[in-house]
There are 2 protein chains.
Amino acid sequence: MDEAAQQTSPAKRARKGAPRPPRRAERGETPASKSEQTRARILDAAAFVFARKGYSDARLSDIARTARMQTGSLYYHFASREELVAEVMRAGVEQVHAAVRARMETIPEGTPEVERLRLLLECHLLTLIDENDYTRAISRLLGQVPPRLQLQHSANGRQFMALWRGLLREGQASGALRADVDMSAIRMLLLGAMSWSIVWFKPENGPAELVARDFARMAVDGLRARPD
Amino acid sequence: MDEAAQQTSPAKRARKGAPRPPRRAERGETPASKSEQTRARILDAAAFVFARKGYSDARLSDIARTARMQTGSLYYHFASREELVAEVMRAGVEQVHAAVRARMETIPEGTPEVERLRLLLECHLLTLIDENDYTRAISRLLGQVPPRLQLQHSANGRQFMALWRGLLREGQASGALRADVDMSAIRMLLLGAMSWSIVWFKPENGPAELVARDFARMAVDGLRARPD
DNA sequence: GTCTATACCTAGATAGAC
DNA sequence: GTCTATCTAGGTATAGAC
């Protein structure tokens, strides 16, 4: 269907200057046993493929090829296609969550609530669209996977969701955000707007930073309580 | 008489690469032939199923059962699964577009630009989530279908996209909306937020009208040019 | 136009050699 | 651990009767 991403031998990608899945070592994580490494390689490959093809068009054979092994060999490391998908989604949520939490740490003490919210929205969106296969994969997969996996995913994201719920609720409680809106709907709309950006965002059309900045600004300005 | 053209089955036409004859329903006339009615019934069934199962989990057998016929019989009316999907998406776009255009007509002459925009956003979101299988289907399908269908869909939605682009651009030009944001990104983010709502919106959690109102208000307040 | 029956093919999964 | 070979299910699509 999508010939472009179909034959991705590393050699061919190198010649074409096409993207190649980033390795764990490059992300500064500690190396592990060979089995661990292979598992990680498969996971990276899966994220790479799911991010580009979505759920239904991604074949185990694509993933195997990207991980430089035979399709059957995958089953030594993962029990099923579904387990692979679940694992990629789990890792994806974890990465966005981690990025946002890390960003929180770097925000100076006395920063106004609304500004904090703005910075975190910006960070969330940036993390999603800025060259991370796991987060790109998760956004594409979310609406596509069978209900069972969606449920599992919401369970994974419960803490993360709670973070946003807390931020918005506190903003309302303190009077920084307008009180006359249903924040749970707004929360979903904001997260949705960001998730959806994976589908249309192309780096060629402008830097991710700008998109993130404009979006975050619109959102907080639209929610900020105003004197009038 | 164009019923004559319909006596060639879609499958045969597809193989020959011949264009499909325009149908009465598309020309705003009353559908008459039995074939037309059956086709419409199948389309409704497809929208029903796609809206609930998404692309990859929807089976032709599901659609056939919903339309009260056998799977094989579908092929008298549609050349392939893909044609069916494409047709549902086309109809979905058309319905939202029509709803928004109709809403435009009802807005009083002197209404301020920003208020107009707010009403139209509200209408768009409401149309999407308010019990319309075609629009629900299209929102779910968008991120899931193969690239070819996505392209076809963007072509279908070009006019519609242009409508939003125009509204936002005019808003900026007249000074009603802030000038220092990239409106094409904002446009996609807004449309994305609304599309995504299909995934999470449940009538039990509150009326669609409220969600639409809060969202539209946040968006225009966030984009409105302000004196400060 | 719709049915029944079935061909065909893809892709997930398994078995056993090495 | 990874390979090759193969099984199997199930879903799209076709053929031909009625």
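Residue numbers start from 1 in every chain, and the chains themselves are labelled A, B, ... in the order their sequence lines are given, proteins ahead of strands.
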When the distance from [atom1] of [X] to [atom2] of [N] is rounded to whole Å, what number comes out?
{"X": "A/Y76", "N": "D/dT4", "atom1": "OH", "atom2": "C1'", "value": "18 Å"}
{"X": "A/E83", "N": "C/dA13", "atom1": "CD", "atom2": "P", "value": "10 Å"}
{"X": "B/H77", "N": "D/dA13", "atom1": "NE2", "atom2": "P", "value": "16 Å"}
{"X": "A/L84", "N": "C/dA13", "atom1": "CG", "atom2": "P", "value": "10 Å"}
{"X": "A/D57", "N": "C/dT10", "atom1": "CG", "atom2": "P", "value": "14 Å"}
{"X": "A/I42", "N": "D/dG1", "atom1": "CD1", "atom2": "P", "value": "11 Å"}
{"X": "A/Y55", "N": "C/dG12", "atom1": "OH", "atom2": "C1'", "value": "11 Å"}
{"X": "B/F78", "N": "D/dT12", "atom1": "CZ", "atom2": "C1'", "value": "16 Å"}

Would you list the pairs meeting side-chain hydrogen bond (donor to acceptor under 3.5 Å, both in side chains) in which at least one residue belongs to residues 62-73 of chain B, sequence neighbours left out? B/K53-B/D62, B/D62-B/R65
Less than 6.0 angstrom separating the ring centers of B/H124 and B/F160, yes or no? yes
N/O donor-acceptor pairs under 3.5 Å from side chains in residues 185-208 of chain B, not counting sequence neighbours:
{"from": "B/S195", "atom 1": "OG", "to": "B/L191", "atom 2": "O", "distance (Å)": "3.0"}
{"from": "B/S197", "atom 1": "OG", "to": "B/M194", "atom 2": "O", "distance (Å)": "2.4"}

Can you name the ring-ring contact (aromatic ring centres under 6.0 Å, His included) partners of A/H77, sequence neighbours left out? none
Who pairs with B/D44 by side-chain hydrogen bond (donor to acceptor under 3.5 Å, both in side chains), at least two apart in sequence or on another chain? B/Y134
Sorted by chain and number, sequence neighbours left out, side-chain hydrogen bond (donor to acceptor under 3.5 Å, both in side chains) with B/R52 holds for B/D133
Under 4.0 Å from OP1 or OP2 of D/dT12: is there any side-chain N or O of B/S80 that close? no
Which nucleotide sits closest to the side chain of A/Y75: D/dT2, C/dG12, D/dA13? C/dG12
Quick one: list whatever passes side chain to side chain contact (heavy atoms under 4.5 Å, CB included) with B/A102, sequence neighbours left out. none
For A/L151, enumerate each residue passing the side chain to side chain contact (heavy atoms under 4.5 Å, CB included) test, keeping only those at least two apart in sequence or located in another chain. none
DNA chain D contacts among residues 64-74 of chain B, heavy-atom distance under 4.0 Å: B/G72
Derivation and outcome, side chain to side chain donor-acceptor pair (under 3.5 Å), residues A/R81 and A/Y55: CA-CA 10 Å; A/R81 178 182 203 262; A/Y55 183 65; 3.3 Å; yes
Atom pairs under 3.5 Å: protein N/O with N/O of nucleotides 9-11 of chain D:
{"from": "D/dG11", "atom 1": "O5'", "to": "B/R59", "atom 2": "NE", "distance (Å)": "3.2"}

